[in-house]
2 protein chains.
Amino acid sequence: MKINPRCVHCLLSRVHYQALLLTDDIDTVNAAVTAGLDALHRTYRPGEAAARISTAVHRSAYHAMGDRDPYLEKKVLSRELAQEIMPLARSLVGEGISVEGFRRAVVAATIGNTLDFGVDGFDVNEQDFKAEFRRLFDRGLDVDDTDRLLPLLDDVVYIADNSGEVLLDTLVIEQIKGMGGRVTLVVRGAPMLNDATMEDVEIHSIGAQVDRVLTTGSNAIGVCLDEAPAELVEAFEKTSLIVSKGMANYETMSEYGYRPIAYLLRTKCQSVADDMGLDTDILVARLVV
Amino acid sequence: MKINPRCVHCLLSRVHYQALLLTDDIDTVNAAVTAGLDALHRTYRPGEAAARISTAVHRSAYHAMGDRDPYLEKKVLSRELAQEIMPLARSLVGEGISVEGFRRAVVAATIGNTLDFGVDGFDVNEQDFKAEFRRLFDRGLDVDDTDRLLPLLDDVVYIADNSGEVLLDTLVIEQIKGMGGRVTLVVRGAPMLNDATMEDVEIHSIGAQVDRVLTTGSNAIGVCLDEAPAELVEAFEKTSLIVSKGMANYETMSEYGYRPIAYLLRTKCQSVADDMGLDTDILVARLVV
């Protein structure tokens, strides 16, 4: 996905937001915003890949803040929210392995993409995530290609998005494993935004539920192939299906040619929605072959 | 008023907003945003006057759009809304010249500061401005120094803010004139945002209601003394009271030492509200002596 001019102010808005998550020291906030502005000015070109720019901007801003992780508390909160929602999610998905169970698990995991912070107008409702979850589950997927995914589950590479959300992804992983498929889970190689990392895999003991866990090899936004380990690139080439969760993974994976690929996400910004030809604020499970 | 790091993304958001007011041609929008980003990168320094930066940013963005006026239609709409509201505003202010009439006129003129576009979350409600006007009039001023203005109305310099809004300012001007005061009205020297210019003075025939009309001498945000005509600087020095409408005039006039000065505005952004030590979204008539 290419950058849109509206991404310019949105990116700097997020840099400011996350600086305030870390500190109320105005000098540090200024340093982060100034660094983000520098990086944006250096990298912004119409037609450039959005994630290449956002990676440069966020890395610069992080560096200016001493490379501390501004989303630490938000990630802890996300994991708690996910753990609290799991009994309800499980009961909504139902028992056993089935075509309908898979579809419902995809719905739950896609709603999990709501566990996000810092996207204008789309912060998760911390106070009543359960009601929000139930409401979204009742509404279901607005784009639903789940039936077409079923024949492709033999050897899946599943790219996780956010902390907390990755726990809901295990509902889909259970279905794939139950159908006899292999699953390679991919998390971010180092902290970036509230993205899931190996820390999340360990906290939720997800390693035992999948065949393999790989990382993206760096803290780049989404997946940067230049920074990815050889096993991940090889996995992308050999897999029967890539499942790509969330907007940042969409932004990057849509730049490569890998097929088939399923994008599971909530459209939380106009640029991603436009690029997909969809409305904002809808639940999407789209297969691209 | 000094720039706050949150102004960075807000400024670029407005550049994007107004580019889309002018055109849906993506190249022009990109050119405007790129020019704004360049200017921001060139001028942004913590501690710098906010309006110095915003002037550079908007001028660059306007230049990239061929110096066409993106707010033309919004200004026409603002004037229509103001004309439609005037009978109600007049009836709420009441007949004749009086202390209470002056206060009510200040309330009406300050509500007029709602006639604005492009400030995040504070676009005027075009559909139901009358109901909004009545609601705000009933609520009244949250900061009300009008009683303290009364002894200072001998020779007033009144700096207008937006198109449309300036028509409501005439209610205050009528009271000042009725009390025997002189009024110098100041409008922007050239189109910038939806600010009132000589065109507004002519459309509403305001010239005959005041003793003199001056301009700021340029399209700078607020009042830039370096670009102001000598008569305006002299008027600031000799006046019995400066009345400064709106946020951009506050941002600039608060950088100079002129006293006494009355700020009439609705606090539509956090940076201005913080600088004034006030909440956002309140109606303010504050005297600084």
Side-chain angles (χ1 to χ4, degrees), chain A residues 1-50 53-54 56-58 60-61 64-65 70 118-121 123 269-271 274-275, chain B residues 1-50 53-54 56-58 60-61 64-65 70 118-121 123 269-271 274-275:
Chain A
M1 188 188 102
K2 306 305 181 193
I3 195 107
N4 182 285
R6 81 167 69 80
C7 306
V8 167
H9 61 85
C10 182
L11 264 169
L12 291 174
S13 166
R14 188 154 191 177
V15 166
H16 180 250
Y17 165 87
Q18 66 207 19
L20 291 179
L21 285 184
L22 186 70
T23 180
D24 54 6
D25 174 55
I26 187 72
D27 291 337
T28 304
V29 175
N30 255 320
V33 170
T34 302
L37 179 60
D38 283 350
L40 188 60
H41 183 256
R42 193 172 64 243
T43 58
Y44 179 73
R45 299 287 175 280
E48 179 65 277
I53 297 170
S54 56
V57 167
H58 284 299
S60 292
M65 298 188 292
V119 182
D120 250 7
D123 268 14
C269 88
Q270 192 70 49
S271 295
D274 284 356
D275 199 67
Chain B
M1 188 187 103
K2 306 306 180 192
I3 194 104
N4 181 284
R6 81 166 70 80
C7 306
V8 166
H9 62 85
C10 182
L11 265 170
L12 292 173
S13 166
R14 188 153 191 179
V15 166
H16 180 251
Y17 164 87
Q18 65 207 21
L20 291 179
L21 285 184
L22 186 71
T23 180
D24 55 5
D25 173 55
I26 186 73
D27 291 337
T28 305
V29 176
N30 256 319
V33 170
T34 301
L37 179 60
D38 283 350
L40 187 60
H41 182 255
R42 194 172 64 243
T43 57
Y44 180 73
R45 298 287 176 279
E48 179 65 277
I53 297 170
S54 56
V57 167
H58 284 299
S60 292
M65 297 189 293
V119 182
D120 249 8
D123 268 13
C269 88
Q270 192 71 50
S271 295
D274 284 357
D275 199 66

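Chain identifiers are assigned alphabetically (A, B, ...) following the order of the sequence lines, protein sequences preceding nucleic acid strands; residue numbering begins at 1 within each chain. Because the structure is predicted, anything quoted here is derived from the model rather than measured.
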**Complete:** If one checks every heavy atom of Asp27(A) against chain B at 4.5 Å, the contacting part turns out to be neither
**Message:** If we count only N and O atoms by modelled type, under 3.5 Å, do the side chains of Asn30(A) and Tyr44(B) hold a donor and an acceptor together?
**Reply:** yes
**Asked** So His41(A) and His41(B), would you call those rings parallel, tilted or perpendicular, with 30° and 60° as cut-offs?
**Response** parallel
**Asked** Are Pro5(A) and Ile26(B) close enough that some pair of their side-chain heavy atoms sits under 4.5 Å apart?
**Response** yes
**Request:** State the CG-CG distance between Leu11(B) and Leu12(A), to the nearest 0.5 angstrom.
**Result:** 11.0 Å
**Message:** Less than 4.5 Å to any heavy atom of chain B: does that hold for the side chain of Leu40(A), its backbone, both, or neither?
**Reply:** both
